[in-house]
Structure formats: structure tokens, C-alpha cells
Amino acid sequence: MKNLIIKDKIYTLDLNTKEKREWSPFHSKVCAGIKKGIIPDIKEDYKILYLGAAEGYTISYISDLISIGEVVGIDISAYSMQKLILLSEKRKNLIPILGDCNLPENYKETIENEKFDLIIQDIAQKNQIEILKKNADLFLKKNGKVLLSLKLSAISQKHKSIINEQLNEFEKNFKIIKKTKLDPFEKKHILIYGENK
Amino acid sequence: MKNMDKIKILNQTKKDVKNILENTDQQIINLSLILTKIPENINEQYNNLRILSDLLFPTLEKELTIKEYCLFIKEYIIDEKINYKKLQENGISKEKINIITKINSYNTNIEYKLETKKIIQKLSKNILKLIEIKEKIEKEIDILFEENYKNTKEIATISIACKMLEISGSFKRLSRFPASTIQLLGSEKSFFKALKTNRKTPKYGILYNHPLIIKQKEKNKGKVARSLAAKISICLKADIDKVEIYKDIIEKLNIKIKQLER
């Protein structure tokens with residue numbers, strides 16, 4: 001992938017003298033999804049909301065993809081937010097916010113009711129789909145897309161029996177475009193790409 | 001969003017992060033997390049030291065604490081003479097010095113090279129440094145509690161109050177817990193397991209290590225834990241208003257415990 005900031009942390013030089021970075025599918029669930037066949041349609045001027053940004057590995061690649069647009073990263077931990085703030089000072093299209101994704105009303109004013117084209121969620125909680133629904137109601141555009149990485153072992157240890165249950169809950173609010181298991185890269189995970197109904 | 005907005009939001013998040021990480025609760029939690037791991041480190045290094053030093057004094061470790069043992073080895077090992085003045089300056093009592101001289105007379109007469117002697121001395125110095133760090137952290141936590149949460153310190157003891165803070169996250173959240181929740185803090189796993197299987201629920205969590213409960217007979221432990229938890233929850237609420245009430249509460253608690261012991 002083309003690097004937006006030259007000589008940023010992880011990079012390898014391409015033969016055509018254009019700098020490129022390596023994106024590992026073992027560290028990032030979005031990259032693992034691309035390897036398995038889910039290619040989310042992201043344009044240069046998109047505005048993206050990332051829930052569960054943590055220290056900013058995946059979000060830095062998404063900021064490479066949208067050179068004109070903006071990406072907002074939200075996380076609850078103050079420790080990992082320190083690293084995300086340092087990253088956001090380098091990358092001008094990245095905005096960090098400290099907040100709880102379960103309570104989107106708290107950061108509604110700081111975002112100023114902005115609507116987004118795509119919401120990406122990577123949170124290991126019991127009510128993962130409920131969190132996505134709350135945020136999509138407030139911040140997603142009419143034809144906006146969502147990309148959800150569902151961690152099954154966070155919901156229940158009997159993960160085989162709950163897959164259909166979770167997919168039905170997802171289909172109440174969103175339309176499924178594509179879904180895959182992330183098996184060799186990430187165990188007991190499902191990546192779902194959907195559209196707002 | 002415009003470019004101006006980003007600077008505003010960035011400053012806001014920086015302020016939020018600073019508020020959370022500078023909090024006294026967070027400082028206490030960080031220090032107590034270090035404090036729980038240092039003793040493991042000391043024990044590991046002490047075992048390494050004794051591999052070498054046990055050949056000289058096979059029975060000395062039964063009589064002395066780790067700190068006294070390291071102090072003695074550090075002074076003795078190179079000259080092989082007991083320096084009474086220095087041992088007394090470092091706080092070792094006369095009785096223990098007598099024990100050391102007795103054991104020294106049965107010395108095994110094994111001789112090390114000078115370089116291995118230096119290694120032994122450095123190992124013992126290392127342990128003494130770790131002990132010094134541990135004492136400093138304990139002092140620092142004590143001062144933080146003394147300034148902010150005095151009632152809780154007097155009744156719950158420092159080590160238990162630190163563990164309660166680690167579980168709840170902040171003192172404000174802890175003070176809103178009811179007394180029954182405080183009684184069972186730390187035993188969540190067995191509590192929910194008991195609810196699922198319709199068995200008896202646990203009587204105490206981390207409160208089990210409190211000096212008032214360890215003394216009691218097995219029959220009374222649950223009852224004392226309940227009354228202690230009630231008093232702790234009162235103290236937590238008083239600490240937020242910054243009122244000193246711990247003397248009255250300790251008196252009432254002692255009367256209650258005497259009634260239970262009959």
C-alpha cells in the first residue's frame with residue numbers, strides 16, 4: 001500500500017521508488033478480510049468512523065487509503081490513547097477521541113453531528129451488535145456501509161451454536177453484502193460487510 | 001469537518017487523558033500493581049543467592065529474615081570476619097548476632113575464589129536494593145492514603161483498600177457500592193457459579209485477609225465479614241465528604257464483634 005507519510009514506522013521500498021508499507025493480516029482484521037475476499041469500497045474523500053481504535057495499527061492504514069477524507073478513531077483506554085494522539089500529530093486526517101462506544105451521546109457534540117460513509121468496528125464485548133446499531137443510528141449516512149469484526153468467544157464459549165442467532169440480530173438493522181470466517185489469521189472471528197437498511 | 005475543528009478536538013482529548021492518568025486513584029493503582037510483583041522478584045533472586053551461599057552456612061536461613069541474611073552476607077563474605085558494629089547499625093538485634101556467631105563456629109570451611117565471592121556480594125546487594133524500593137513504595141502509598149482517604153485506611157487496612165481500588169477502577173465508583181457488594185468483592189467467579197447451580201453463595205472475597213477476620217473461628221467468619229463490610233462502606237462515603245469518623249466506628253465495630261463471639 002502507498003504510504004501517505006514518508007518514512008513512517010513500518011515501510012519497505014518498492015522497485016519503482018514509490019514507498020510502500022507492509023500490512024500484516026495477522027495483526028489487522030480488516031487486512032485479513034481483504035485476503036479472504038471482502039474488499040470494502042473506500043474512496044479517497046470518504047469520512048470513516050472507527051470504533052475501538054486502540055493504539056492505531058489498522059487505523060494508520062485506513063488513513064493512507066483516504067488522502068482527502070477524514071477518519072475518527074474512538075477508544076475507551078487512556079493508555080492506548082496516548083499512542084494514538086502521537087500518531088494523529090503525524091497524520092493530519094486522523095482525529096482521536098477518548099470515549100465509551102456504549103454511550104455515543106457523550107461524544108455526539110464533539111463530532112458535531114457529522115455523518116459518515118463507513119463505520120468500522122473492532123470491539124470485543126458481549127453486546128457488539130447493539131453498540132454498532134446505536135452508533136449507526138446517530139452517525140451513519142442513508143446508504144452508508146458497516147464493517148463488523150464479530151468476536152464469537154466474547155459472547156459465549158459455545159460459539160458454534162450462536163452464529164445464526166447473531167446473524168439474525170444483525171439482519172434486523174442491516175443488509176448483509178458479504179461475510180467470511182477469518183480462520184487461518186484469527187480464530188473464532190467473523191467479518192461482516194453490510195449496508196444500512 | 002474543517003481543519004480548525006481537529007485542533008480543538010485534539011486538545012480536548014489530551015486534557016481528558018491527562019485528567020485520567022494524573023488522578024491520585026490511578027497513581028495508587030499503579031504503585032500497588034508494582035508492589036504485588038516485587039516480592040516474587042525478591043524470592044527468585046534470593047533462591048539464586050542461596051545456591052552459592054548455602055554451602056557456607058547451610059542452616060543460617062532458618063533463623064534470619066531475607067533482609068538480615070543479605071546484610072550479613074554482604075558484610076561477611078570478602079573479609080570473613082563478623083563486623084558487629086555495622087550489623088548493629090543496620091538494625092540487627094543482639095540476640096540474632098549471637099545466633100550468627102554460634103553458627104559461624106560450625107563453619108563448613110569451604111573456600112571460594114575471590115571472584116565468586118564478589119558475585120555473591122553483588123547478588124546480595126541487588127536484593128537489598130529491591131527491598132529498599134519496596135519500602136519506599138509502601139511509604140508513598142501510605143502518604144497518599146493518609147492525605148486523601150484516612151477513614152478507609154484505618155478500618156480496611158492499606159493492602160485491602162488497594163485491591164478494592166484495582167477492582168472498582170476509581171474511588172468514586174467504589175463509594176457507590178452497597179455494603180453487600182463490598183463484602184463479596186474478589187469472589188465474583190464463585191458467586192455467579194453458585195447462583196447458576198443453586199448452591200450456597202460465598203461469605204467473603206478479599207476481606208478474608210483482614211486481620212479481624214483471620215483471628216475469628218470458622219463459625220463466626222461470615223458474620224464478622226458482613227459487619228466489617230457495612231462499616232467500610234460508611235467510611236468510603238465519609239472520605240468523599242472529608243469527615244473524620246474512624247474512631248467512633250472502630251469502637252462500635254469492636255462492641256459488635258464481642259457480641260458475635262459469645
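Per chain, numbering begins at 1; letters A, B, ... match sequence-line order.
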Using non-hydrogen atoms only, which part of Leu94(A) is less than 4.5 Å away from chain B: side chain, backbone, both, or neither?
backbone
Is the number of heavy atoms from other residues, nucleotides or ligands within 6.0 Å of [atom1] ([X]) greater than 12?
X: Asn11(B); atom1: CG; result: yes
X: Lys237(B); atom1: NZ; result: yes
X: Glu89(A); atom1: CD; result: yes
X: Arg226(B); atom1: CZ; result: no
X: Lys133(A); atom1: NZ; result: no
X: Lys134(A); atom1: NZ; result: yes

Can you name the closest pair of heavy atoms from Thr13(B) and Pro96(A) and give their distance?
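Minimum heavy-atom contact is CG2-O, 3.0 Å.
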Spacing of [X] atom [atom1] and [Y] atom [atom2] [to the nearest 0.5 Å]:
X: Gln26(B); Y: Tyr79(A); atom1: CD; atom2: OH; result: 4.0 Å
X: Gln12(B); Y: Glu109(A); atom1: CD; atom2: CD; result: 11.0 Å
X: Gln82(A); Y: Ile20(B); atom1: CD; atom2: CD1; result: 10.5 Å
X: Met81(A); Y: Lys14(B); atom1: CE; atom2: NZ; result: 13.0 Å

Quick check on the interface: out of Leu84(A), Asn93(A), Ile85(A), who has the most heavy-atom pairs with chain B under 4.5 Å?
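Looking at each of Leu84(A), Asn93(A), Ile85(A) in turn, Ile85(A) comes out on top.
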With side-chain contact (heavy atoms from CB on, under 4.5 Å) as the test, pick out the partner of Ile97(A) among Leu10(B), Asp16(B), Ile9(B).
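Testing each of Leu10(B), Asp16(B), Ile9(B) against Ile97(A), the sole residue satisfying side-chain contact (heavy atoms from CB on, under 4.5 Å) is Ile9(B).
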